[in-house]
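Comments concern the structure below.
Nothing here was measured: the structure is a model prediction, and the numbers come from that model.
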Amino acid sequence: MSRRLALSFCILVAIVLGLVVAALAIGGRPDPAGPAITLDGAWRFHPGDNPSWADPRTDDRDWDRLDLVSLPSNRDDDVGLPGWLAGWRAHGHPDLEGYGWYRRRIALPAQGDLALLGPTMVDDGYEMFWNGRPIGGIGKLGPNPRVIGARPFLVALPRLADQRAGVLAIRTFMQPGLDRNGISGGLRSVPTLTTAAFGETLHRAQWMRTIAGYIVEVAIPAMMVLLAGIALAIAPSIARPGFARWLAIALVATACLRLGNAIAAWTDLLDAPTLDRQNAVILSPLAMLAWTAAWNAHAGGRGRSIVLGCAVAAWAARVAGAIAHLPDLIAIARLAFAILFAVIAVRMALRGARRLPALAAMALIAIALFVSELSRLGAPTIWFPFNIGVTLSQYAYALSLLLLPFALPRVDAPGGCAARKGQI
């Protein structure tokens, strides 16, 4: 890859990352102050599902009493959304999956048009009822529930003339079979009662924060896809075309893996089970295989075929472990990939072309791929610039985009003709 093209790409990446920082700064600002009431405090909760529980006449005195304290300073450990709460598993239902209902009587101001902002954090979908009447929510619940990422939701609150109170019921559903911790389940934040006019303002602010929370997952994949296209275009004319082609596969697989998070958070296109399956079974194993194969092709040497064979075996183990829900097999496969990365790094340090930018980029990719292992070793894996979560993987991928163009060999690289032999 020519130095001019590499520099041009890096300048573009820097511009895009600057725009990302601006989006983080805007989205991380505190919510505007105004006539809004956070509906925290005492709620009634019942596990299971019964449509009659939406009826305001339902006797809920024997339901669990949950004190849901929602503070702006309590933020989730992913995006950084304020008002984070522990779910039903931390409130006496440690093994509950599926449905759970919340109810509360709400006092209303004397007059004026009112609106309700739905909870921005829920495991995993919800539907709200006002005095027994459905008023909307996030996801599709019922016999065949389809849950997606919780996001800002605003709805006008219907009430009769001079009505001063009503019953708000929230039907929640946590998708079974996904990896959960001991504080998951149901409401992870509470709704907000506000005037209709201020509700629009607060809703926009919530959306800006939600967009900022996943903007990195759009910007980095866009740059990855662009670099993948460049790598494929120049592959026939560089010293190691196999590296360029495997690099393109790795970049596209990683881009799809990261982009799915934003799609699920912003749209209805991906539900939670589909996102989990495609990541665990297809995209994550493919990305790890392709990155390993790419660096293996870059290092060259006689052991290239053996390393690639081991990588394919590790990929197969990861896929089988994901399909059969065998976490130990997945852990073994990940360990195998980590060992292969170490072996390739040694080979690259000894004889690889453009070894310094390649080794630096490879180290960043390894950090991003093995972030869960680093977390278990005690390494910090997320920071909150502007009160918006940015993970270690996102930092590592962003920095790698500034180095990867310089890791692509040139046509006149030493050993260029020989390096082409056996490349894909």
- Message: Check for me whether the distance between the ring centres of Tyr126 and Tyr102 falls short of 6.0 Å.
- Response: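 When the ring centroids of Tyr126 and Tyr102 are compared, they turn out to be at least 6.0 Å apart.
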Enter the distance from [X]:[atom1] to [Y]:[atom2] here, rounded to the nearest 0.5 Å.
X      : Y      : atom1 : atom2 : value
Leu392 : Ser372 : CG    : OG    : 11.0 Å
Ile306 : Leu340 : CD1   : CG    : 11.5 Å
Arg334 : Glu373 : CZ    : CD    : 4.0 Å
Leu226 : Leu12  : CG    : CG    : 6.5 Å
Glu200 : Leu117 : CD    : CG    : 9.0 Å
Arg75  : Met121 : CZ    : CE    : 9.0 Å

Contact between [X] and [Y] at the side-chain level, heavy atoms closer than 4.5 Å - yes or no?
X      : Y      : answer
Leu157 : Ile106 : no
Leu369 : Ile365 : yes
Leu289 : Val312 : yes
Phe173 : Asp124 : no
Ile148 : Leu275 : no
Gln175 : Asp276 : no
Phe406 : Arg3   : yes
Tyr99  : Leu141 : yes

- Report, as yes or no, whether the 6.0 Å neighbourhood of atom CG on Asp179 holds more than 12 heavy atoms from other residues, nucleotides or ligands.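 No.
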To check you understand the geometry: which heavy-atom pair defines the closest contact between [X] and [Y], and what is its length?
X      : Y      : result
Pro35  : Phe198 : CD-CG, 3.8 Å
Trp88  : Gly98  : CH2-O, 3.3 Å
Ile211 : Trp266 : O-CZ2, 3.3 Å
Pro32  : Ala205 : CD-CB, 3.6 Å
Gly27  : Ala212 : CA-CB, 3.8 Å
Arg103 : Asp60  : NE-OD2, 2.9 Å

- Task: Apply the test side-chain contact (heavy atoms from CB on, under 4.5 Å) to residues Val21 and Phe386: give CA-CA distance (whole Å), side-chain angles for both, the deciding distance (0.1 Å), then the verdict.
- Result: CA-CA 9 Å; Val21 171; Phe386 309 105; 3.9 Å; yes
When you measure from the side chain of [X] to the backbone of [Y], do you find a donor-acceptor pair of N or O atoms at a distance under 3.5 Å?
X      : Y      : answer
Thr292 : Met288 : yes
Asn296 : Arg304 : yes
Arg188 : Pro119 : no
Asp76  : Trp84  : no
Asp40  : Val69  : no
Arg133 : Trp130 : no
Thr274 : Leu270 : no
Asp328 : Ala331 : no
Glu217 : Tyr214 : no
Thr210 : Gln206 : yes

- Please lay out, stage by stage, how Arg258 and Ser393 fare under the test side-chain contact (heavy atoms from CB on, under 4.5 Å). CA-CA 10 Å; Arg258 309 304 303 187; Ser393 291; 4.0 Å; yes
- Those residues that, when tested against Arg61, pass salt bridge (charged side-chain N to carboxylate O under 4.0 Å, His left out) (two or more places apart):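 Partners of Arg61 by the salt bridge (charged side-chain N to carboxylate O under 4.0 Å, His left out) criterion, ordered by chain and then number, come out as Asp59.
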- Query: Angle class for the Trp291/Trp295 ring planes (parallel below 30°, perpendicular above 60°, tilted otherwise)?
  - Reply: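 Ring orientation of Trp291 relative to Trp295: parallel.
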- Short N-O contact, Asp31 and Arg209, less than 4.0 angstrom: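 Arg209 and Asp31: salt-bridged.
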- Reference residue Leu404; test side chain to side chain contact (heavy atoms under 4.5 Å, CB included); the match among Ile230, Leu364, Leu227: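 The single option meeting the side chain to side chain contact (heavy atoms under 4.5 Å, CB included) with Leu404 is Leu227.
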- Task: Among Leu68, Asp64, Ile183, find the residue that satisfies the side chain to side chain contact (heavy atoms under 4.5 Å, CB included) test when tested with His91.
- Result: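 Only one of Leu68, Asp64, Ile183 forms a side chain to side chain contact (heavy atoms under 4.5 Å, CB included) with His91, namely Leu68.
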- Residues Asp268, Lys140; criterion side-chain contact (heavy atoms from CB on, under 4.5 Å); working and verdict: CA-CA 10 Å; Asp268 295 347; Lys140 178 183 177 182; over 6 Å; no
- Which is it for Asp77 and Ile382 under the side-chain contact (heavy atoms from CB on, under 4.5 Å) test, yes or no, and what are the steps along the way? CA-CA 8 Å; Asp77 58 2; Ile382 190 167; 5.6 Å; no
- Task: May I have all residue pairs that pass ring pair (Phe, Tyr, Trp, His ring centres under 6.0 Å) and include part of residues 62-82, sequence neighbours excluded?
- Result: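 Those involving residues 62-82 are His46-Trp63, Trp53-Trp63.
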- Task: Could you tell me whether the side chains of Ser52 and Asn50 share a donor-acceptor contact shorter than 3.5 Å?
- Result: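 The answer is yes; a qualifying pair exists.
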